Asker: 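Sharing a structure with you now.
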Amino acid sequence: MQFPGDFVWGVATSAYQIEGAAKADGRGESIWDRFSYTPGKVVNGENGDAACDHYHRYEEDLRLMASLGIRSYRFSFAWPRIFPDGTGQVNSKGMDFYRRLIEQLALYGIKPAATLYHWDLPQTLQDKGGWLNRDTAYQFADYAEALYREFGSEIPLWITHNEPWCAAFLGHATGDHAPGLKDKPASVKASHHLLLSHGLAVQAFRAVAPASARVGITLNLAPVYAASESEADQAAARRQDGFQNRWFLDPLYRGAYPADMVAYYSQWGPLDYIQPGDLEVIAAPTDFLGVNYYSRSVVKDTPASEYLQLDGVPPTAPLTDMGWEITPECLTDLLVRVKKDYGDFPIYITENGAAFPDKVNDSGEIDDSPRIAFLRGHFKSALKAIELGVRLKGYYVWSFMDNFEWAHGYTKRFGLVYVDYATQRRIPKKSALWYRDVIARNGL
Ligand code: IFM
């Protein structure tokens, strides 16, 4: 099973989840520092202060990445390292860290793919309202522009946002993520400002980045299936699709929010923060879509499925350690649907992977065969989508190494590489070696 010759095999991480060095070299406080220090928010009271100490160990990490034959590395910039207060004066030491990282990647011939926002908003901006304040969208574009100017010619692939659905809804409606609000109307407002900031950052990109560089956004999409043929379940599935997928895809690719969801969200108050001209900004053409795929949604019409997430339907497929159903074949459905409904543009899987309760055995190895099976199944589905005409250009496994899994702290291991947090020792799992062979063969 061969992938196209130019297929990009990569791994992904994000700043707060791996860097540690939370106070080093002038880094400012982020909303995740504040959130993780708030009692009860993160399992075991853990936080990203040390994480994988990648800030100090990046050379070792990239050496390991190179030894596995990884072709592209998706990382994120920490906004509070670049602008400790969110705006104003660039923190040159923060910039220097990413310069060193990018130079080292170049030495190994690993192509960088950079995400601008993977949830670590500077706390000073949160103090002014964060994503509920329209100004944050403009400040994001300024931050983006500073990075395009610095690294525009070294980074071929730029991703404005990672999973704005999570930032908006887990951050502002369920309160599971920073800044921890539980305010549904606010979450919709945050989603609009996140999308607006994306559009503004794309405009800045076109103005300053080299023509050879590409820009896009990463969405966490899930194909939605109704639990039954009943009209009520079908309607619930449509709503869930609106909530999870269409609320982001429609404005980006059709220049309008979906009418059914506008009506639905308007129950909670007017969406009067959507200003004339915003949708044109949001729909500015991009070069690719990043898709993060983890599982499907099966929806039943229960009161719980009215707005936030699934529930009511017991899982039928095997589960990962996150309790997420393992449904590789649905990845093909998702990719084909995006092409059919939104257009024939390049797509990258910017994240896919699984947490399993990995253990080091007596020989010092980690046999994570379930992860290999998981990835094999998903790679096959990706290949099927390519055969069906989807322009899938690459695949980034989440994650290169075990890391801080947000509200789950360090209890969930997604890595191809095991991290012993007590010693910061890295041990490639069986899946890392298997992935190395997949890359070498460009297929399965
Ligand atoms: O760890 C996260 C990542 O930060 C965003 N996408 C999903 C991953 C697994 O939950």
Side-chain angles (χ1 to χ4, degrees), residues 10-20 32 36 41-54 57-58 60-61 64-65 67-68 70 73-76 118-119 162-163 166 170 176-177 220 292-295 315 317-328 349-379 395-436 438:
V11 288
T13 65
S14 89
Y16 189 73
Q17 293 179 273
I18 65 162
E19 284 178 1
W32 267 95
S36 59
K41 298 296 185 194
V42 176
V43 171
N44 303 326
E46 290 167 342
N47 59 57
D49 282 5
C52 307
D53 196 29
H54 173 75
R57 293 167 196 263
Y58 72 95
E60 175 192 346
D61 291 336
L64 179 53
M65 220 177 265
S67 77
L68 297 172
I70 304 297
Y73 174 40
R74 175 179 175 234
F75 64 93
S76 77
H118 202 122
W119 309 347
N162 180 71
E163 305 181 351
C166 295
L170 301 183
D176 292 327
H177 280 191
N220 53 317
N292 290 358
Y293 174 69
Y294 286 92
S295 193
L319 304 179
T320 69
D321 200 28
M322 296 293 283
W324 298 344
E325 283 188 305
I326 302 176
T327 52
I349 304 290
T350 39
E351 284 181 29
N352 172 247
F356 289 107
D358 304 313
K359 296 269 178 304
V360 185
N361 66 22
D362 293 343
S363 332
E365 290 160 357
I366 298 104
D367 180 351
D368 60 337
S369 302
R371 182 170 290 104
I372 295 177
F374 179 99
L375 290 173
R376 184 187 285 118
H378 287 78
F379 291 171
Y395 208 112
Y396 292 81
V397 173
W398 184 269
S399 177
F400 173 59
M401 56 185 162
D402 296 335
N403 57 50
F404 178 77
E405 178 54 25
W406 308 113
H408 299 276
Y410 297 97
T411 60
K412 304 291 175 195
R413 293 184 176 272
F414 274 91
L416 294 169
V417 172
Y418 184 91
V419 177
D420 176 352
Y421 295 109
T423 61
Q424 290 293 358
R425 182 162 169 231
R426 278 61 164 146
I427 311 173
K429 303 177 192 175
K430 197 171 166 188
S431 60
L433 308 179
W434 173 83
Y435 190 40
R436 177 193 62 193
V438 172

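Keep in mind the model is a prediction, meaning the values are calculated, not measured.
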Asker: First locate atom CD of E405, then atom CZ of R413, and finally report the distance between them rounded to the nearest 0.5 Å.
Answerer: 12.5 Å
Asker: Would you indicate whether the side-chain heavy atoms of S14 and W398 approach each other to under 4.5 Å?
Answerer: yes
Asker: What's the shortest heavy-atom distance between V419 and C52, and which atoms?
Answerer: CG2-SG, 4.3 Å
Asker: State which residues pass side-chain hydrogen bond (donor to acceptor under 3.5 Å, both in side chains) with S363; sequence neighbours excluded, sorted by chain then number.
Answerer: none
Asker: When the ring planes of Y395 and F379 are compared, do they come out parallel, tilted or perpendicular, using 30° and 60° as the limits?
Answerer: perpendicular
Asker: Determine the minimum heavy-atom distance between A354 and T320, stating which atoms define it.
Answerer: CB-CG2, 3.8 Å
Asker: So do W434 and L375 actually touch side chain to side chain, heavy atoms under 4.5 Å?
Answerer: yes
Asker: Just jot down the side-chain hydrogen bond (donor to acceptor under 3.5 Å, both in side chains) partners of N47, sequence neighbours excluded, or say none.
Answerer: none
Asker: Sub-3.5 Å donor-acceptor pair from the side chain of N220 to the main-chain atoms of N292, do we have one?
Answerer: no
Asker: Between the side chain of R74 and the main-chain N/O of T350, is any donor-acceptor distance below 3.5 Å?
Answerer: yes
Asker: Which value, rounded to the nearest 0.5 Å, describes the distance between S369 atom OG and F356 atom CZ?
Answerer: 10.5 Å
Asker: Given 3.5 Å as the limit, does a donor-acceptor pair link the side chain of Y16 with the main chain of W119, or not?
Answerer: no
Asker: Is the backbone N or O of G20 less than 3.5 Å from a side-chain atom of D53, with the two atoms forming a donor-acceptor pair by type?
Answerer: no
Asker: Working to the nearest 0.5 Å, report the span between OG of S399 and CG of L416.
Answerer: 7.5 Å
Asker: With a 4.5 Å limit on heavy-atom distance, are the side chains of L68 and F400 in contact?
Answerer: yes
Asker: Do the side chain of R371 and the main chain of G353 share a donor and acceptor less than 3.5 angstrom apart?
Answerer: no
Asker: Any chance you could measure Y410, atom OH, to Q17, atom CD, to the nearest 0.5 Å?
Answerer: 9.5 Å
Asker: Please verify the inter-ring angle class for W32 with F404; under 30° counts as parallel, over 60° as perpendicular, anything in between as tilted.
Answerer: perpendicular
Asker: Check A51 against Y421 and note the closest heavy-atom contact, atom names and distance.
Answerer: O-CD2, 3.9 Å
Asker: Heavy atoms, side chains only, cut-off 4.5 Å: are E351 and N162 in contact?
Answerer: yes
Asker: With rounding to the nearest 0.5 angstrom, report the CD1 to NZ distance, I366 to K429.
Answerer: 7.0 Å
Asker: Is a salt bridge present between K430 and D358, judged by a nitrogen-to-oxygen distance below 4.0 Å?
Answerer: no
Asker: Return yes if some donor-acceptor pair links the side-chain N/O of E365 with the main-chain N/O of I427 below 3.5 Å, else return no.
Answerer: no
Asker: Closest approach of L64 and P428, non-hydrogen atoms and distance?
Answerer: CD1-CG, 3.8 Å
Asker: Indicate the atoms forming the closest heavy-atom contact of Y294 with F374, along with that distance.
Answerer: O-CZ, 4.4 Å
Asker: For the pair Y73 and H54, name the ring-plane relationship: parallel under 30°, tilted 30 to 60°, perpendicular over 60°.
Answerer: perpendicular
Asker: Examine distances only and state if a side-chain atom of E325 and a backbone atom of A317 form a donor-acceptor pair shorter than 3.5 Å.
Answerer: yes
Asker: Roughly how far, to the nearest 0.5 Å, is the OG atom of S76 from the CD atom of E19?
Answerer: 6.5 Å
Asker: Is it true that a side-chain atom of D321 and a backbone atom of K412 form a donor plus acceptor pair closer than 3.5 Å?
Answerer: no
Asker: Would the distance check show the side chain of N352 and the main-chain N or O of Y293 forming a donor-acceptor pair, the cut-off being under 3.5 Å?
Answerer: yes
Asker: Is it true that D61 and R426 have a side-chain N and a carboxylate O under 4.0 angstrom from each other?
Answerer: yes
Asker: Hey, does the side chain of Y435 reach the backbone of G10 with a donor-acceptor pair shorter than 3.5 angstrom?
Answerer: yes
